[in-house]
2 protein chains.
Amino acid sequence: MRDFNKKLRVVLIDDNANHLRGIKELINLESSYDVVGTTTSANLGINLIKKYHPDIVLMDINMPEKDGLQTLQAINKLNLSTKVIALSGYDDADLIYRAIKLGAKGYVLKTMASVKLINAIEEVANGKIYLPSVLSTRFFEYFQSTAREEEKVSEEENLLTSLTMREYEVLELLTEGINYKSIAGKLIISETTVKTHVNNIFQKLQVNDRTNAVLYALSHGFKPSKKTAMTAV
Amino acid sequence: MRDFNKKLRVVLIDDNANHLRGIKELINLESSYDVVGTTTSANLGINLIKKYHPDIVLMDINMPEKDGLQTLQAINKLNLSTKVIALSGYDDADLIYRAIKLGAKGYVLKTMASVKLINAIEEVANGKIYLPSVLSTRFFEYFQSTAREEEKVSEEENLLTSLTMREYEVLELLTEGINYKSIAGKLIISETTVKTHVNNIFQKLQVNDRTNAVLYALSHGFKPSKKTAMTAV
DNA sequence: TTTTATCTAAACCTAAAGATTTAGAAAAAC
DNA sequence: GTTTTTCTAAATCTTTAGGTTTAGATAAAA
């Protein structure tokens, strides 16, 4: 939780100098915040963060030099407790999704009322995620549609279902990058038997080599059975 | 958007008969809803949904017979516009995350005030996602920590970074399951050159065959460069 | 009871993959 | 200006992988 005796240390990054000044003045109106640094450059911004270890970073994620998402990644690598709030002119679902995925604790549109920005800082400082309702809906729609596509791929006429138990076991070992000899050893069958199984697998999955068999498996929701590999005593 | 002339058709699924009755009475107090079916069985619930094509389904996701997540999947496969709101006794992050991922449009705790349930129905019917603040925070924490783990794996001593541009291009084609001859054709170089590159790749990634090279690539954040494959005119 | 499916296995062959060495040319780094 | 890196290529050899056919044993289904 937040310590209200200390001022929240804030760093601002925005390639638009005018906008930067505007935000700074806005924040300085609040007595509980302390803007310790501002910059129009992403790279300089990272240096500021290294130097000051701020509580909060407000960053425009649509910058030319180094884009905001890359900068987010760079900040993550510093492993600080600094929380980043993304500022953006766009409510693009993909952008919102990726920003959140890269650890942004908030996402505020530049067109939004300035009071929202203060709200965001307050909420994020208290350990919450700040996503205005509109953006939150965008995020979830994107999230669910992505997940749904993955589901579809692993459902529609999945050739994996035509495999027998034994073939599935063999495929499982193939996906671990193991050769015939070792597979034979693990399943305690002969190498030629393994070859037979593998050839049957190829036919059923309609591929010609193990790499493509593995690729098919991984892209069609193949899941290790877990109960395998106990044949070995 | 919702048509306020029509009543929202609702189906309830909860293995606890008492709870089921309670929810039904609660909803029936609202004149704009019409509970068209209730059941304590997940399988019967799916049948009800098939029959009535309700607007909203309220479903307990902690059921014995068939768990709620499986039921969610089954409902998804019906490809209806029915929206499912998950009811649960637990605010477990993993459970929330998976429910949303499987398309749940809302998640409400049984301990929450009943007015929240009405709110949830109303919001979801209007095309929004209903996730109370506490649960939303849980979701995002889980989402971001999962993403962060993936990032880590693809960062920590990633052998992919030791590859040259050309080797990266070759690896990219390997991950598409293409053989030497075709790779040579695509990059317009000789087959022996491809072999040289592949052998160098193997050494750098510390593997002995293409399958393991591909597996390494896929598990370490390998991303197609997109600017490849134009060598071919 | 007789198919049918599955698991096992061998023989035989071809093609592809992998290991190793050597080497020229061009570009980048020192 | 010399060293290093990278991309190119060939030769040679060994080892897997892959294709095909045949077949016995068993268990389940028709």
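All chains are named by letter (A, B, ...) in the order of the sequence lines, taking the proteins before the strands, and each is independently numbered beginning at 1.
Between the side chains of Ser182(B) and Asn179(B), a donor-acceptor pair is found at a separation under 3.5 Å.
Of the possible donor and acceptor atoms, one in the side chain of Thr82(A) sits under 3.5 Å from a partner among the backbone N and O of Pro54(A).
Partner of Leu87(A) under the side-chain contact (heavy atoms from CB on, under 4.5 Å) criterion, out of Leu109(A), Ile61(A), Leu117(A): Leu117(A) alone.
Note: CG (Leu163(A)) to P (dC7(C)) measures 10 Å, nearest angstrom. Ile183(B) places its CD1 atom 8 Å from the P atom of dA17(C), with the value rounded to the nearest Å. Summarising the geometry, the separation between CG on Leu174(B) and P on dA16(C) is reported as 16 Å, rounded to the nearest angstrom.
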Summary of protein contacts for nucleotides 8-30 of chain D, nucleotide by nucleotide, where a base hit scores B, a sugar-phosphate-only hit scores S (4.0 Å, heavy atoms):
BBB------BBBB----------
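With sequence neighbours left out, the salt bridge (Lys or Arg N to Asp or Glu O under 4.0 Å) criterion links Arg138(A) to Asp91(A).
Crowding of Lys110(A) atom NZ: a count of heavy atoms from other residues, nucleotides or ligands under 6.0 Å exceeding 12.
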